[in-house]
Novice: 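Sharing a structure here in structure tokens format.
None of these values were measured; they are calculated from a predicted model. Here is the naming used below: chain letters follow the sequence lines, and residue numbers restart at 1 for every chain.
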Amino acid sequence: MIEKLLENTIVQAVQALFEQTIEPARAVVQKTRKDFEGDYTLAVFPFVRFARRSPEETARIIGEYLQLHLQWVAGFNVIKGFLNITISDQYWLGYFREHQAEAAFGFMPQSGGPTTVVEYSSPNTNKPLHLGHIRNNLLGFSVARILSANGKTVKKVNLVNDRGIHICKSMLAWQRWGGGETPESTGIKGDHLVGKYYVKFDQEYRIQVAELVAAGIKPDDAEKQAPLICEAQDMLLRWEAHDEEVMSLWKMMNGWVYEGFDVTYKTMGVDFDKTYFESETYLHGKRLVEEGMQSGAFEREADGSVWIDLTAEGFDRKLLLRADGTSVYMTQDLGTAQMRYDEYNPEKLIYVVGNEQNYHFDVLKLVLRNLGRPWSDTIHHLSYGMVELPEGKMKSREGKVVDADDLMEEMFETARAMTMELGKTEGFSDEEAEALFRMIGLGALKYFILKVDPKKNMLFNPRESIDFNGNTGPFIQYTYARIRSVLRKAGDSEKFAADILPSLLPKERS
RNA sequence: GGCCUCGUAGCUCAGCUGGAUAGAGCAGCAGCCUUCUAAGCUGCGGGUCGCGCGUUCGAAUCGCGCCGAGGUCACCA
């Protein structure tokens with residue numbers, strides 16, 4: 001690339017002119033700001049001390065050196081201490097000729113090197129995917145593709161949280177109030193049907209808690225004593241004891257959810273190489289806890305619970321195993337990390353997980369290090385901020401969410417309406433038009449989500465957030481379509497590069 | 001309270017490994033469809049880059065201290 005060439009030559013120039021050896025990092029050029037003439041700019045202020053010249057003079061003699069030694073430097077100008085370098089049109093035309101026919105321009109060949117594991121999505125099976133999952137999925141899928149485009153061997157993995165008290169809540173509510181409803185009998189998508197009963201549970205539970213509080217019980221106690229929550233906990237115990245009735249209900253309802261998720265993922269355009277289920281992996285961490293007990297990294301309380309003391313590292317004491325011997329979240333993540341290490345021996349393990357779990361991942365890495373796992377450093381938590389609504393946080397228990405399926409459907413409808421209004425589908429078959437609406441609607445959504453810094457919280461205003469004009473996905477798609485159109489009209493690309501491109505350049509540069 | 005993150009135009013966001021007069025889009029106003037696609041283009045107005053101190057030739061960018069917002073410090077995941 002021309003930047004690298006410029007920078008190397010600047011290092012040479014400084015050596016030759018001022019007898020000073022500098023780090024290549026000190027000779028970085030940047031793109032010239034658009035209101036100045038030139039293509040690349042070097043700020044020479046750091047050199048003036050040993051150049052023993054004014055900034056202007058320093059810039060001028062470096063510019064002369066570059067022009068003399070690099071054939072592609074067509075000229076330069078100096079403003080204050082800024083050296084603006086102009087690259088010749090021949091270079092750009094040559095560059096274009098060289099690369100314009102490359103189908104894989106910008107992509108590195110697959111290296112076949114060590115694997116990078118990217119975990120994303122990680123849904124619970126008690127409710128459908130929402131806007132937060134959209135941000136998660138798009139980030140994870142994009143990062144995987146970017147890594148892959150850089151030649152990395154990438155494995156996209158999903159860890160489905162298919163067990164736990166929240167699943168039991170949906171199950172219990174369906175059992176009690178469902179009346180035998182199924183996705184088939186209602187025409188409701190499986191994940192939505194299950195989510196409906198999760199909301200139902202919460203509504204009924206709140207009523208019970210309110211009644212207990214009215215009867216004079218303290219709110220904290222009421223939340224623990226409400227019959228519904230006790231029943232849900234009982235159901236979880238029966239699940240863990242492999243109670244046949246609970247297991248078959250669990251399998252049936254999870255099956256509905258998976259069918260629903262598959263549709264959502266497909267619509268969104270994301271996929272996975274492998275899916276882990278917590279019900280199958282949640283016991284794996286216990287072996288590591290045993291190991292830590294033996295090595296003395298962990299300690300056991302009188303009640304039998306196991307802890308790690310991280311106060312020396314500036315963290316807290318953290319529970320790793322309950323008194324009854326059951327796993328907690330951290331135990332599971334220790335286990336799955338070890339599984340992935342054993343399976344892929346990855347050079348990097350990326351977790352796309354919301355920033356409310358920053359602390360959890362700091363601790364996870366630290367616990368693994370204390371267990372003598374040097375690969376704990378290969379874990380990277382790709383932490384992203386919450387998607388907020390104008391009225392505040394989304395609350396799925398209260399049904400206060402932007403549903404992923406609904407949102408995508410709205411995007412497609414908006415795309416359809418705008419496209420039809422602009423008359424863009426002339427000569428399209430119904431299938432082509434439908435594919436176009438989806439492409440544009442999804443492009444708008446993806447770009448809207450991905451253009452903001454992952455680590456920042458972002459605001460989503462359902463009414464006005466997603467636009468098709470301005471700095472949007474459809475604008476980029478439109479620009480691409482026009483470029484394709486130009487190329488089509490230009491006929492064969494050789495002819496285009498030779499005859500037509502120069503005429504498209506600004507006059508003063510051709 | 002401890003720790004972490006964020007604070008840039010009316011709104012949503014770029015810029016943050018230090019560089020020139022801080023940029024886009026939306027919203028507002030004024031123009032532009034017989035050239036390749038107007039989902040576009042051109043122009044105008046709009047800023048104490050939360051506040052203060054420091055480092056530096058130079059700070060939106062780095063450091064420290066305040067203020068404000070969010071997260072977290074669960075035998076939830």
Novice: Measure from the side-chain heavy atoms of A:Asn471 and tell me the nearest of B:A24, B:C75, B:A39.
Specialist: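 Nearest nucleotide to the side chain: B:A24.
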
Novice: Which of parallel (below 30°), tilted (30 to 60°) and perpendicular (above 60°) describes A:Phe201 and A:Tyr205?
Specialist: parallel

Novice: Work out how far the C1' atom of B:G54 is from that of B:U61, and round it to whole angstrom.
Specialist: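 Each nucleotide's C1' atom is 15 Å from the other's.
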
Novice: Base, sugar-phosphate, or nothing: which does A:Ile483 touch, judged by heavy atoms less than 4.0 Å apart?
Specialist: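 Contact class for A:Ile483: none.
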
Novice: Check the geometry between A:Phe82 and B:G19 and answer yes if their rings are stacked (centres below 5.5 Å, planes below 30°), otherwise no.
Specialist: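 No, aromatic ring not over the base.
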
Novice: Counting the atoms with a prime plus P, OP1 and OP2 as sugar-phosphate, which does A:Asn461 contact under 4.0 Å by heavy atoms, base, sugar-phosphate, or nothing?
Specialist: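 No contact.
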
Novice: Start at the 5' end of RNA chain B and walk down; is the nucleotide closest to A:Asn457 or to A:Arg482 reached first?
Specialist: A:Arg482

Novice: Stem finding on RNA chain B, please: runs of three or more consecutive Watson-Crick or G-U wobble pairs, both distances under 3.5 Å, sorted by first number.
Specialist: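 B:1-7 with B:67-73, B:10-13 with B:23-26, B:28-32 with B:40-44, B:50-54 with B:62-66 - these are the stems of 3 or more pairs that involve RNA chain B.
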
Novice: Can you tell me which nucleotide in B:A20, B:U37, B:C73 comes closest to the side chain of A:Phe36?
Specialist: B:A20

Novice: Hey, does the side chain of A:Lys393 come within less than 4.0 Å of B:G70's phosphate (OP1/OP2), counting only N and O?
Specialist: no

Novice: So, A:Asn158 and A:Tyr265: side-chain donor and acceptor under 3.5 Å apart, yes or no?
Specialist: yes

Novice: Rounded off to whole Å, could you give me the CD-to-P distance for the A:Glu388 and B:G7 pair?
Specialist: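 Taking atom P of B:G7 as the reference, CD of A:Glu388 is at 13 Å.
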
Novice: Tell me yes or no: between the side chains of A:Thr41 and A:Thr32, is some donor less than 3.5 Å from an acceptor?
Specialist: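 There is such a pair between these side chains.
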
Novice: Could you measure between the two P atoms, the one in B:G1 and the one in B:G65, and give it in whole Å?
Specialist: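 The same atom, P, in both gives a distance of 15 Å.
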
Novice: Between the base of B:C75 and the side chain of A:Asp303, is there a donor and acceptor pair under 3.5 angstrom?
Specialist: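 Yes, the side chain and the base share a sub-3.5 Å donor-acceptor pair.
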
Novice: Assign B:C33 to syn or anti; the rule is syn for a glycosidic angle within 90° of 0 and anti otherwise.
Specialist: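 Syn for B:C33; the angle stays within 90° of 0.
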
Novice: Check the phosphate of B:G7 against A:Lys456, side-chain N and O only, distance under 4.0 Å to OP1 or OP2. Yes or no?
Specialist: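 Affirmative; the distance criterion is met.
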
Novice: Suppose you measure atom P in B:A69 against the same atom in B:U8; what distance do you get, rounded to whole Å?
Specialist: 14 Å

Novice: Please report, rounded to the nearest Å, how far the C1' atom of B:C75 is from the NZ atom of A:Lys224.
Specialist: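 One finds 12 Å between C1' of B:C75 and NZ of A:Lys224, rounded.
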
Novice: Side chains of A:Asn136 and A:Tyr384 only: does a donor on one sit below 3.5 Å from an acceptor on the other?
Specialist: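 Checked: A:Asn136/A:Tyr384 side chains pair up, N/O donor to acceptor below 3.5 Å.
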
Novice: Using atom C1' of each nucleotide, how far apart are B:A27 and B:U12 to the nearest Å?
Specialist: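 The same atom, C1', in both gives a distance of 11 Å.
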
Novice: Are there more than 12 heavy atoms of other residues, nucleotides or ligands under 6.0 Å from atom CZ of A:Arg206?
Specialist: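 Atom CZ in A:Arg206 is not packed in, count stays at 12 or less.
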
Novice: Expressed in whole Å, how much space separates the C1' atoms belonging to B:C16 and B:G45?
Specialist: 28 Å

Novice: Measure from the side chain of A:Phe475, starting at C-beta and using heavy atoms only, and say which of B:A77, B:U37, B:G40 lies closest.
Specialist: B:G40

Novice: Select one nucleotide: of B:A20, B:A77, B:U37, the one nearest the side-chain heavy atoms of A:Thr41.
Specialist: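 Given the options B:A20, B:A77, B:U37, the side chain of A:Thr41 is closest to B:A20.
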
Novice: For A:Thr472 and A:Pro454, take the nucleotide of RNA chain B holding the closest heavy atom to each; which residue's nucleotide lies nearer the 5' end?
Specialist: A:Pro454

Novice: B:G15 and B:G50: how far apart are their P atoms, nearest whole angstrom?
Specialist: 15 Å

Novice: So that I know where these two stand, are A:Tyr480 and A:Phe475 an aromatic pair - ring centroids less than 6.0 Å apart?
Specialist: no

Novice: Quick check on A:Glu421: does its CD atom have over 12 non-hydrogen neighbours (other residues, nucleotides or ligands) under 6.0 Å away?
Specialist: no

Novice: As a test of reading the structure: which of B:A22, B:C76, B:G40 is closest to the side chain of A:Arg33, going by heavy atoms?
Specialist: B:A22

Novice: Please enumerate all residues that pass ring-ring contact (aromatic ring centres under 6.0 Å, His included) together with A:Phe45, with sequence neighbours excluded.
Specialist: A:Phe82

Novice: Do the side chains of A:Lys200 and A:Glu204 get close enough for a salt bridge, i.e. N-O under 4.0 angstrom?
Specialist: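 Yes, charged N to carboxylate O under 4.0 Å.
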
Novice: Assess, by modelled atom type and distance only, whether the side chains of A:Asn161 and A:His166 contain a donor and an acceptor separated by less than 3.5 Å.
Specialist: yes

Novice: Would you mind reading off the distance between A:Asp316 atom CG and B:C3 atom P, rounded to a whole angstrom?
Specialist: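 After rounding, the gap between these two atoms is 12 Å.
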
Novice: Among B:A77, B:G25, B:G19, find the nucleotide with the atom closest to the side chain of A:Pro46.
Specialist: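 Closest nucleotide among those given: B:G19.
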
Novice: Give A:Thr419 one of three labels, base, sugar-phosphate or nothing, depending on what nucleic acid heavy atoms sit under 4.0 Å from its own.
Specialist: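 Base contact.
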
Novice: Does B:C76 have OP1 or OP2 sitting under 4.0 Å from an N or O in the side chain of A:Arg322?
Specialist: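 A:Arg322 to B:C76 OP1/OP2: side-chain N or O found under 4.0 Å.
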
Novice: Given atom CG of A:Leu310 and atom P of B:C3, what is their separation to the nearest angstrom?
Specialist: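 The distance from CG of A:Leu310 to P of B:C3 comes to 17 Å, rounded to the nearest Å.
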
Novice: Counting the atoms with a prime plus P, OP1 and OP2 as sugar-phosphate, which does A:Gln477 contact under 4.0 Å by heavy atoms, base, sugar-phosphate, or nothing?
Specialist: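 Nothing: the residue A:Gln477, judged by heavy atoms under 4.0 Å, touches no strand.
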
Novice: Which one, B:U21, B:C13, B:C36, comes nearest to the side chain of A:Val486?
Specialist: B:C36

Novice: To the side chain of A:Phe45, which of B:U37, B:C57, B:A20 is closest?
Specialist: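 Of B:U37, B:C57, B:A20, B:C57 is nearest to the side chain of A:Phe45.
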
Novice: Say you pick atom P in B:C36 and the same atom in B:G7; how far apart are they, in whole Å?
Specialist: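 The same atom, P, in both gives a distance of 46 Å.
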
Novice: Side chain of A:Asn358: nearest nucleotide among B:C75, B:A77, B:C4?
Specialist: B:C4

Novice: Quickly work out the A:Phe315 CZ to B:C4 P distance and round it to whole Å.
Specialist: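 From A:Phe315 CZ to B:C4 P: 9 Å.
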
Novice: Report the distance from atom CD of A:Gln332 to atom P of B:C76, rounded to the nearest whole Å.
Specialist: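 Answer to the nearest Å: 12 Å.
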
Novice: B:A20 base to A:Asn84 side chain: any donor-acceptor pair below 3.5 Å?
Specialist: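 Counting by modelled atom types and ignoring angles, a donor-acceptor contact under 3.5 Å is found here.
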
Novice: Round to a whole Å and report the spacing from CG of A:Asn355 to C1' of B:G70.
Specialist: 8 Å

Novice: Whole Å only: how far is the NZ atom of A:Lys455 from the P atom of B:C6?
Specialist: 4 Å

Novice: Checking A:Asp162 against A:Ser279: is there a side-chain donor and acceptor pair closer than 3.5 Å?
Specialist: yes

Novice: Report yes if at least one side-chain N or O of A:Ser485 is closer than 4.0 Å to OP1 or OP2 of B:U37; otherwise report no.
Specialist: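 So the side-chain polar atoms of A:Ser485 do come within 4.0 Å of the phosphate oxygens OP1 or OP2 of B:U37, strictly under.
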
Novice: How far does the P atom of B:C13 sit from the matching atom of B:C6, given to the nearest Å?
Specialist: 15 Å

Novice: For the side chain of A:Glu356, starting at C-beta, report the closest nucleotide among B:A24, B:G71, B:A39.
Specialist: B:G71

